[in-house]
Amino acid sequence: QVQLVESGGGLVQAGGSLRLSCLASGGTFSTYTMGWFRQAPGKEREFVARISPSGASTYYADFVKGRFTISRDKAKNTVYLQMNSLKPEDTAVYYCWLIDDINHWGKGTLVTVSS
């Protein structure tokens, strides 16, 4: 069974940076598209970024283009989200995501951006 564990969240000032990590286990990690979603209090979960199995293709939500970078390390079974120029509106729980026949989710890591 696929398991996803996020880490790297925390409190950061506006304009700062964080790198989130998602460690995948229980499946053929490199076979699947993975990515990140986030959910702010009182809002629906929204797409942030995704990356192809090879890592060659990436796609981002408009609101993070130019600020966030998704990458993956096959040797470490890990997907990263480098978040730069953080804004208060980026405050949310960030969830790692993997899709095969269904969507798989991590438990989330909280990112809080203070103004």
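Note that the numbering runs from 1 along the sequence shown for the chain.
- Residue Leu98 is not grouped with residue Tyr80 when hydrophobic side chains (ILVMFWY) are merged at heavy-atom distances under 4.5 angstrom, including chains of intermediate members.
- Going from atom CG of Leu20 over to atom CZ of Phe68 covers 8.0 Å, rounded to the nearest 0.5 Å.
- No side-chain heavy atom of Trp105 sits under 4.5 Å from any side-chain heavy atom of Cys96.
- Between Ser7 atom OG and Arg19 atom CZ the span is 8.5 Å, to the nearest 0.5 Å.
- A distance of 9.5 Å separates OG in Ser25 from CD in Gln1, rounded to the nearest 0.5 Å.
- Tyr59 OH: 12 or fewer foreign heavy atoms inside a 6.0 Å radius.
- Side-chain contact between Pro53 and Tyr32: absent, with no pair of heavy atoms (C-beta onward) separated by less than 4.5 Å.
- For Lys43, the NZ atom is loosely surrounded, since the number of other residues' heavy atoms within 6.0 Å does not exceed 12.
- In this structure the side chain of Arg67 never reaches within 4.5 angstrom of the side chain of Tyr60, judged on heavy atoms.
- Under the 4.5 Å side-chain heavy-atom criterion for ILVMFWY residues, a single connected hydrophobic cluster contains both Val113 and Phe63.
- To the nearest 0.5 Å, the span separating CG on Leu81 from OH on Tyr94 amounts to 7.5 Å.
- Here Arg38 pairs with Glu46 in a salt bridge; the nearest charged N to carboxylate O distance falls below 4.0 Å.
- In this structure, Arg45 is not positioned above the aromatic face of Trp97 in the sense of NZ or CZ being under 6.0 Å from the six-membered ring centre and within 45° of the axis.
- In this structure, OG1 on Thr58 lies 11.5 Å from CZ on Arg72, to the nearest 0.5 angstrom.
- Counting heavy atoms from C-beta on, the side chains of Gln39 and Tyr95 come closer than 4.5 Å.
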Take Lys87 and Asp90, measure what salt bridge (Lys or Arg N to Asp or Glu O under 4.0 Å) needs, and give me the verdict at the end. CA-CA 5 Å; Lys87 305 174 181 179; Asp90 294 320; over 6 Å; no
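- Taking 4.5 Å as the limit, every side-chain heavy atom of Ser57 sits out of range of all side-chain heavy atoms of Ile51.
- Within the 4.5 Å cutoff, the side chain of Leu4 has heavy atoms near those of the Met34 side chain.
- For the pair Asn84/Ser17, a side-chain contact is recorded, criterion being any heavy-atom separation below 4.5 Å from C-beta on.
- Phe37 has its side chain out of reach of Val93: every pair of non-hydrogen atoms, C-beta onward, lies at least 4.5 Å apart.
- Across Ala14 and Pro88, no two heavy atoms sit closer than the pair CB-CD, 4.1 Å.
- Here the options are Leu11, Thr91, Leu86, the test is side chain to side chain contact (heavy atoms under 4.5 Å, CB included), and the partner is Ser114; only Leu11 passes.
- A donor-acceptor pair under 3.5 Å is formed between the side chain of Glu6 and the backbone N or O of Gly108.
- Nearest heavy-atom pair across Thr109 and Gly9 is OG1-N, 3.1 Å.
- Atom-to-atom distance recorded for Gln82:CD and Leu18:CG is 8.5 Å, nearest 0.5 angstrom.
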